[in-house]
Chemist: 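Got a structure for you, written out below as structure tokens; questions coming shortly.
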Amino acid sequence: MTDIRVRIAPSPTGPLHLGTARTALFNFLFARHTGGTFIFRLEDTDQARSTEAYELDILNGMHWLGIRWDEGPAVGDEPERGDHGPYRQMARMASYTEAANRLLAEDKAYRCYCSPEELEAERKLQEAAHQNVRYNGRCAKLTGAERAAFEAEGRKPVVRFRIPASRAIAFDDIVRGHVEIDTNALGGDLVILRSDGTPLYHFTVAVDDAAMKISHVIRGEDHLSNTPKHILLFEALGAPIPQFGHLPLILNPDRTKMSKRKSQTAVDAYKAEGFIPEAFVNYLALLGWSTGTEEEILSQAELIERFDLSKVNRAGAVFDRERLEWINGQWIRRLSADDLIARLRPFFEVELAAGRIDWLPTDDEIRVLLPVVQERLPRLSAVGELIGFLFVRDLEMDPALIVPKRWDAATTVVGLTAARQLIAETGKAAWDAHQLEAPLRRLVEDRGWKAGDLFMAIRVAVTGRTATPPLFDTMVALGYERTLARLDRAIEKLGAQATTAP
RNA sequence: GCCGCGUUCGUCUAGAGGCCUAGGACACGGCCCUCUCAAGGCUGAGAUCAUCGGUUCGAAUCCGAUACGCGGUACCA
């Protein structure tokens, strides 16, 4: 193992977000490619918004994607693993107060007694004067007496970290190259501890990244402007400065940062739609990065082998669902029969629960269908739409669909009746696709029909749909009795309709 | 407002000064296959490489400015 250490640090204030998953993936690929260590840390200091349910969703989502961490919570049976824990920020509170006290003692930080109202008023004033909004440093040099006076007033101070004036903070970002930001653009001295003593994000990141010896901070571009604050904090803490790599953002179709308002961002929703993790990871990896070759379908192992952080794109990438579906289809087609059957099972259960089918097919029933089903599944959840009609007792069928475009109702009744006769004659013993097809083709030829017309009429009669897997395979799967019964019902419906509404 | 980052087909991207009359993929059109739908094969259309200026014998690639977009600017993460 190298001394490369990277981390993903999600906040359990919502379900696992696509962007978090992608950042996690890039960290994971980078760690595995370099032989480094991948760390998972939960940033749950926002107690107002964090929930255990979200925490679980994030953990489960990561596992579903096949992203495994070397250090962090919930690995295998252990509640936590690693020598740099705990890996939940709420369990690290002591280290933040300790670090803050150290900064206070070294006068790198100070207590600020300004009230939120005073700060707000100051900000308004600055905005009105078209000045940069920044903390004015009013409490930066308080005397002991002044402090005592504020305390006597009952003011609860926050702790502010001193940001030096007019200093250019430069770093070489692995994906963006040289970046330089002046400290004057940082908004003044930074609050690191709230008045209730709890730490703020920028502070916890620096303290934890230092404690966990993170060597490369790989995160979204939305943190690029915050990086100087972190660098200053690392310095003040006496910690080495890690390398940074800021990933391009995943975008809504309107090219704004991807949000749940405008896009489906929850990873779990994609799982429910029948995207498979291999495909999802494959797609995510290629969002903002490419191998430089024309390879598109890549396994986790192949991604790990080829991953190169310095080849990550700088521009934001619009999330393209069409392309995701295509990759998903590619992956589904590559699945073994047993694997696909197992993965399909939960989706049949959903169909049953929703009342769209009346019973669950057996594994063997699914297995014989696979040759005609597998290449027709863009998503696993499409299976109900595709072959659900096989598992319903009473087929719902729109009589308007049954008459082919070139035919009228009378011809359709004639065609269906003749076909029904031949299908019955084929019989149970010869119940296979070829045996069914040959006599029907002869019938078409004898009558001077088009095969497509007759077959379409049969298709709708037997499945209720105009788009299905190949007709004869479908009838074989349906079975002798049920095929005839559905044919009879269709003929009956159509006949009644033809006589009542000529 | 200020600061930062970005800009190659609709979308994801290849491209690291001559291999670029810019390649691939998704989506789209056509053809083939075909009982429908897919899948697959072939094929077509689609990018004045944001704009302007500079460096160079030569620029999508280097430099600068401009425009536009996005992000950041909290006692959120």
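Note: hydrogens, waters and symmetry copies are ignored here, and every other heavy atom, side chains too, is used. The sequence lines fix the lettering, A, B, ..., with proteins before strands; numbering per chain opens at 1.
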Chemist: Looking for any heavy atom pair under 4.0 Å, which part of the strands does A:Gly329 touch: base, sugar-phosphate only, or nothing?
Modeler: nothing

Chemist: Using the P atom as the point on both nucleotides, what is the distance between B:C70 and B:C76, in whole Å?
Modeler: 26 Å

Chemist: Hey, can you pull the residues of residues 180-195 of chain A with a non-hydrogen atom under 4.0 angstrom from RNA chain B?
Modeler: A:Glu180, A:Ile181, A:Ala185, A:Val191, A:Arg194, A:Ser195

Chemist: Hey, which of A:Glu122, A:Glu127, A:Lys124 is the one that makes side chain to side chain contact (heavy atoms under 4.5 Å, CB included) with A:Val133?
Modeler: A:Glu127

Chemist: Under the ring pair (Phe, Tyr, Trp, His ring centres under 6.0 Å) test against A:Tyr283, which residue among A:Phe319, A:Trp326, A:Phe275 passes?
Modeler: A:Phe319

Chemist: Atom NZ of A:Lys262 to atom C1' of B:C70: distance rounded to whole Å?
Modeler: 11 Å

Chemist: Taking B:G71 as the reference, what is the distance to B:A38 when you measure between their P atoms (whole Å, please)?
Modeler: 37 Å

Chemist: Between B:C35 and B:C12, how many Å separate the two C1' atoms, rounded to a whole number?
Modeler: 36 Å

Chemist: Closest approach to the side chain of A:Arg49, judged atom by atom: which nucleotide of B:C5, B:A77, B:C12 is it?
Modeler: B:A77

Chemist: Quick one: look up who B:G29 pairs with, Watson-Crick or G-U, both distances under 3.5 Å, and put none if it's unpaired.
Modeler: B:U43

Chemist: Taking B:C2 as the reference, what is the distance to B:C19 when you measure between their C1' atoms (whole Å, please)?
Modeler: 45 Å

Chemist: With heavy-atom distances below 4.5 Å as the criterion, would you say the side chains of A:Phe150 and A:Ser115 are in contact?
Modeler: no

Chemist: Would you mind reporting whether A:Glu43 and A:Ser50 have side-chain heavy atoms less than 4.5 Å apart?
Modeler: no

Chemist: Checking contacts here: which listed nucleotide (B:A77, B:C75, B:C12) is nearest the side-chain heavy atoms of A:Asn226?
Modeler: B:A77

Chemist: How many Å lie between CD1 on A:Ile250 and P on B:U13, as a whole number?
Modeler: 10 Å

Chemist: What is the nucleic acid contact for A:Arg459, judged by heavy atoms within less than 4.0 Å: base, sugar-phosphate only, or nothing?
Modeler: base

Chemist: Name the nucleic acid region contacted by A:Pro470, choosing base, sugar-phosphate or nothing; use a 4.0 angstrom heavy-atom cut-off, strictly under.
Modeler: base

Chemist: Could you check whether A:Arg194 and A:Thr198, counting side-chain N and O atoms only, form a donor-acceptor pair closer than 3.5 Å?
Modeler: yes

Chemist: What about the rings of A:Phe455 and A:Phe472, do their centers lie closer together than 6.0 Å?
Modeler: yes

Chemist: My understanding is that a pair needs two contacts under 3.5 Å, Watson-Crick or G-U wobble. By that rule, which nucleotide pairs with B:C5?
Modeler: B:G69

Chemist: Verify, without hydrogens or angle tests, whether A:Arg486 (side chain) and A:Val462 (backbone) share a donor-acceptor contact under 3.5 angstrom.
Modeler: yes

Chemist: What is the nucleic acid contact for A:Arg123, judged by heavy atoms within less than 4.0 Å: base, sugar-phosphate only, or nothing?
Modeler: sugar-phosphate

Chemist: Calculate the interatomic distance between A:Glu296 atom CD and B:U13 atom P; express it in whole Å.
Modeler: 12 Å

Chemist: Could you check whether A:Asp222 gets within reach of a base, just the sugar-phosphate, or nothing at all, counting any heavy atom under 4.0 Å?
Modeler: sugar-phosphate

Chemist: Can you sort out which residues in residues 372-385 of chain A have a heavy atom within less than 4.0 Å of RNA chain B? Ascending by number, please.
Modeler: A:Glu375, A:Arg376

Chemist: Do A:Phe26 and A:Phe307 have their ring centres less than 6.0 Å from each other?
Modeler: yes

Chemist: Regarding A:Gln126 and A:Asn132, do their side chains bring together a donor and an acceptor under 3.5 Å, going by distance alone?
Modeler: no

Chemist: Check the interface with nucleotides 40-46 of chain B: list each N/O to N/O pair with the protein under 3.5 Å, or write none.
Modeler:
unit_1, atom_1, unit_2, atom_2, d
B:G40, OP1, A:Gln330, NE2, 3.2

Chemist: Assign A:Lys311 to base, sugar-phosphate, or nothing according to its heavy-atom contacts below 4.0 angstrom with the strands shown.
Modeler: base

Chemist: Expressed in whole Å, how much space separates the C1' atoms belonging to B:C52 and B:A59?
Modeler: 15 Å

Chemist: Base, sugar-phosphate alone, or nothing: which one does A:Thr468 contact when heavy atoms must sit under 4.0 Å apart?
Modeler: base

Chemist: Looking only at side chains, do A:Asn282 and A:Trp331 share a donor and an acceptor under 3.5 Å apart?
Modeler: yes

Chemist: B:A74, B:G71, B:A77: which one has an atom nearest the side-chain heavy atoms of A:Thr256?
Modeler: B:G71

Chemist: Quick check for you: among B:G72, B:A27, B:C75, whose closest atom lies nearest to any side-chain atom of A:Pro116?
Modeler: B:C75

Chemist: Taking the side chain of A:Val179 as heavy atoms from C-beta outward, which of B:A77, B:U36, B:C5 is closest to it?
Modeler: B:C5

Chemist: Which heavy atom of A:Gly464 sits nearest to which heavy atom of A:Met397, and what is that distance?
Modeler: CA-CG, 3.9 Å

Chemist: For a quick check of understanding: with a heavy-atom distance under 4.0 Å over all strands, which category does A:Thr13 fall into, base, sugar-phosphate or nothing?
Modeler: nothing

Chemist: Categorize A:Ala451 for me: base, sugar-phosphate, or nothing, with a 4.0 angstrom heavy-atom threshold over every strand shown.
Modeler: nothing

Chemist: Rounded to whole angstrom, note down the C1' distance from B:G58 over to B:C20.
Modeler: 13 Å

Chemist: Atom NE2 of A:His246 and atom P of B:C5: how far apart are they, to the nearest Å?
Modeler: 12 Å

Chemist: Answer yes if the side chains of A:Asp46 and A:Thr13 hold a donor-acceptor pair under 3.5 Å, and no otherwise.
Modeler: no

Chemist: Taking the P atom of each, how far is B:G69 from B:U11, in whole Å?
Modeler: 16 Å

Chemist: So A:Leu249, base contact, sugar-phosphate only, or nothing? Heavy-atom distance under 4.0 Å.
Modeler: sugar-phosphate

Chemist: Quick check: A:Tyr54 with A:His17 (ring centres under 6.0 Å apart)?
Modeler: no

Chemist: Closest approach of A:Thr291 and A:Thr293, non-hydrogen atoms and distance?
Modeler: OG1-OG1, 2.7 Å

Chemist: In whole Å, what separates the C1' atom of B:G4 from that of B:C9?
Modeler: 29 Å

Chemist: Look at all strands and tell whether A:Leu471 reaches a base, only sugar-phosphate, or nothing, counting heavy atoms closer than 4.0 Å.
Modeler: base

